2 protein chains.
Amino acid sequence: MSPALDWPERARQALAEAGLRSGAARRQVVELLAGESCALTALEIDRRLPEIGRASVYRALEQLEELGLVQRVDLGRDAAGYERRDPGGHHHHHIVCQRCGRVIAFEDQSLERAIAALGKRSDFNVASHEVTLRGECAECAER
Amino acid sequence: MSPALDWPERARQALAEAGLRSGAARRQVVELLAGESCALTALEIDRRLPEIGRASVYRALEQLEELGLVQRVDLGRDAAGYERRDPGGHHHHHIVCQRCGRVIAFEDQSLERAIAALGKRSDFNVASHEVTLRGECAECAER
DNA sequence: ATCTGTGCAAATAGTTTGCATCCTC
DNA sequence: GAGGATGCAAACTATTTGCACAGAT
């Protein structure tokens with residue numbers, strides 16, 4: 001079973017273990033994020049779930065982040081993004097076009113190794129990390 | 001001469017070459033950033049330069065970023081940070097305590113190498129990058 | 001003299017909070 | 001039935017914009 005399919009179930013369990021009840025808003029946010037592999041902003045989520053109040057979206061995202069189920073990413077201007085966090089699985093980072101805003105995900109093992117080594121060396125108990133590359137995408141460059 | 005001492009002069013030149021005039025607000029922002037090695041938020045800058053209008057601070061930072069003189073960093077919640085960008089010189093990244101907000105800067109060559117390799121491999125013309133580690137600092141952990 | 005830079009205040013945009021009500025356990 | 005979950009609206013915070021005036025070239 002793919003980790004992506006597994007995630008909503010893990011989320012349900014983690015939420016229940018945290019003593020949280022299952023309401024409609026948070027459940028729908030979980031379902032939506034389960035089907036997205038890359039980051040959505042809170043406002044995008046709110047737009048896609050018209051029956052859900054915006055405050056509930058923010059509250060759900062905050063809780064999911066605290067439980068380690070969701071990763072918040074700051075891709076640049078404007079709003080923060082939120083994406084599913086798969087535990088053992090690969091996780092990706094982002095490269096953003098400064099002109100058109102296009103976002104591409106990538107994975108890189110040597111990057112991950114360097115960061116893991118850094119974490120061990122530091123005084124911090126490192127829980128997560130985020131890497132963002134910025135520049136001009138191929139399409140924007142050829143204009 | 002250290003790159004840090006050199007920066008304000010480079011900034012003056014770059015601004016002049018871009019056809020921009022030298023007003024009091026932007027000059028003071030440049031002087032302030034010249035003396036700081038790590039990121040300040042726009043509001044911190046505004047607080048430290050009480051005679052300068054807040055809008056001018058934001059405008060100056062935006063121009064300096066476009067000219068590549070300043071790096072904008074998104075360290076997490078709240079406001080964006082802005083720090084001097086030294087051209088050839090070492091540049092650093094950040095590790096942030098999720099509890100107390102403390103920010104530590106670090107440099108790492110293998111990290112830089114991995115990112116440089118990634119940039120070459122991608123379709124993007126990568127202009128900058130940002131790495132942020134998050135976790136719990138030693139002091140917060142022992143409580 | 002011209003045209004950019006600046007300050008102030010108002011407008012935006014994203015996010016958070018207060019509170020009455022709904023719904024899960 | 002009790003207490004968390006939700007929706008709405010208002011409050012907040014960071015940032016941007018409009019505009020009149022000051023200041024640099």
Side-chain angles (χ1 to χ4, degrees), chain A residues 11-33 39-67 69-83 96 98 101, chain B residues 11-33 39-67 69-83 96 98 101:
Chain A
R12 270 186 282 279
Q13 281 189 24
L15 290 163
E17 279 169 23
L20 300 172
R21 299 179 183 177
S22 169
R26 193 166 48 216
R27 185 167 47 237
Q28 288 190 49
V29 170
V30 167
E31 283 165 16
L32 178 52
L33 286 175
L40 294 177
T41 67
L43 292 171
E44 286 168 344
I45 294 170
D46 183 55
R47 248 175 264 134
R48 293 224 222 160
L49 300 174
E51 296 167 18
I52 303 304
R54 180 166 303 177
S56 300
V57 171
Y58 280 103
R59 283 187 280 237
L61 291 171
E62 185 184 355
Q63 294 170 319
L64 291 167
E65 192 195 6
E66 277 168 13
L67 292 173
L69 292 161
V70 154
Q71 168 83 34
R72 179 192 153 113
V73 294
D74 290 298
L75 294 181
R77 315 274 163 184
D78 309 338
Y82 297 86
E83 62 192 16
V96 184
Q98 289 172 312
Chain B
R12 271 186 281 277
Q13 281 190 24
L15 290 163
E17 280 169 23
L20 299 172
R21 297 177 183 177
S22 168
R26 191 166 48 217
R27 184 167 48 238
Q28 288 190 50
V29 171
V30 167
E31 283 166 15
L32 177 53
L33 286 176
L40 294 176
T41 67
L43 292 172
E44 286 168 345
I45 294 171
D46 184 55
R47 248 175 264 133
R48 294 224 221 157
L49 300 174
E51 297 168 17
I52 302 305
R54 181 165 302 177
S56 299
V57 171
Y58 280 104
R59 283 188 281 238
L61 292 171
E62 185 185 354
Q63 293 171 320
L64 291 167
E65 192 195 6
E66 277 169 12
L67 292 172
L69 293 160
V70 154
Q71 169 83 34
R72 179 192 153 111
V73 293
D74 291 297
L75 295 180
R77 315 270 162 189
D78 306 340
Y82 295 86
E83 63 192 17
V96 184
Q98 290 172 312

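Atom set for the values below is all heavy atoms of this structure, side chains included, hydrogens, waters and symmetry mates excluded. Below, chains carry the letters A, B, ... as their sequence lines are ordered, and counting in each starts from 1. On a predicted model such as this, the values are computed, not experimentally measured, just so you know.
- Look at CG on A:L40: it is 15 Å from P on C:dG14, rounded to the nearest Å.
- Nucleotide C:dT15 holds its P atom 12 Å from the CD atom of A:E65, rounded to whole Å.
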Where along nucleotides 8-15 of chain D does protein come under 4.0 Å, by heavy atom, of base (B) or sugar-phosphate alone (S), with - for untouched nucleotides? B-----SB
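- Take A:A55 and apply the side chain to side chain contact (heavy atoms under 4.5 Å, CB included) test, not counting sequence neighbours, and it matches A:R59.
- Following rounding to the nearest Å, A:L61 (CG) and C:dT17 (C1') show an atom-to-atom distance of 17 Å.
- With rounding to whole Å, B:R26 atom CZ is found 16 Å from D:dG23 atom P.
- Rounded to whole Å, the distance from CG on B:D46 to P on D:dT16 is 13 Å.
- With sequence neighbours left out, the side chain to side chain donor-acceptor pair (under 3.5 Å) criterion links B:R47 to no other residue.
- A:A39 and A:E44 get closest at one heavy-atom pair: O-OE1, 4.3 Å.
- Regarding B:E62, its CD atom lies at a distance of 16 Å from the P atom of C:dT4, rounded to whole Å.
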Write down the protein N/O and nucleotide N/O pairs, taken from nucleotides 21-25 of chain C, whose separation is under 3.5 Å; answer none if there are no such pairs.
residue, atom, partner, partner atom, Å
C:dT24, O2, A:R21, NH1, 2.7

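- Scored by the salt bridge (charged side-chain N to carboxylate O under 4.0 Å, His left out) test, B:E65 finds A:R77 as partners (sequence neighbours excluded).
- Pairing each heavy atom of A:V57 with each of A:A42, the nearest pair is CG1-O, 3.8 Å.
- Residues A:V96 and A:G101 approach most closely at CG1-O, 4.3 Å, considering heavy atoms.
- Rounded to the nearest 0.5 angstrom, B:R48 CZ and B:D46 CG are separated by 12.0 Å.
- For the side chain to side chain contact (heavy atoms under 4.5 Å, CB included) test, residues two or more places apart in sequence or in another chain that qualify with A:Q13 are A:E9, A:E17.
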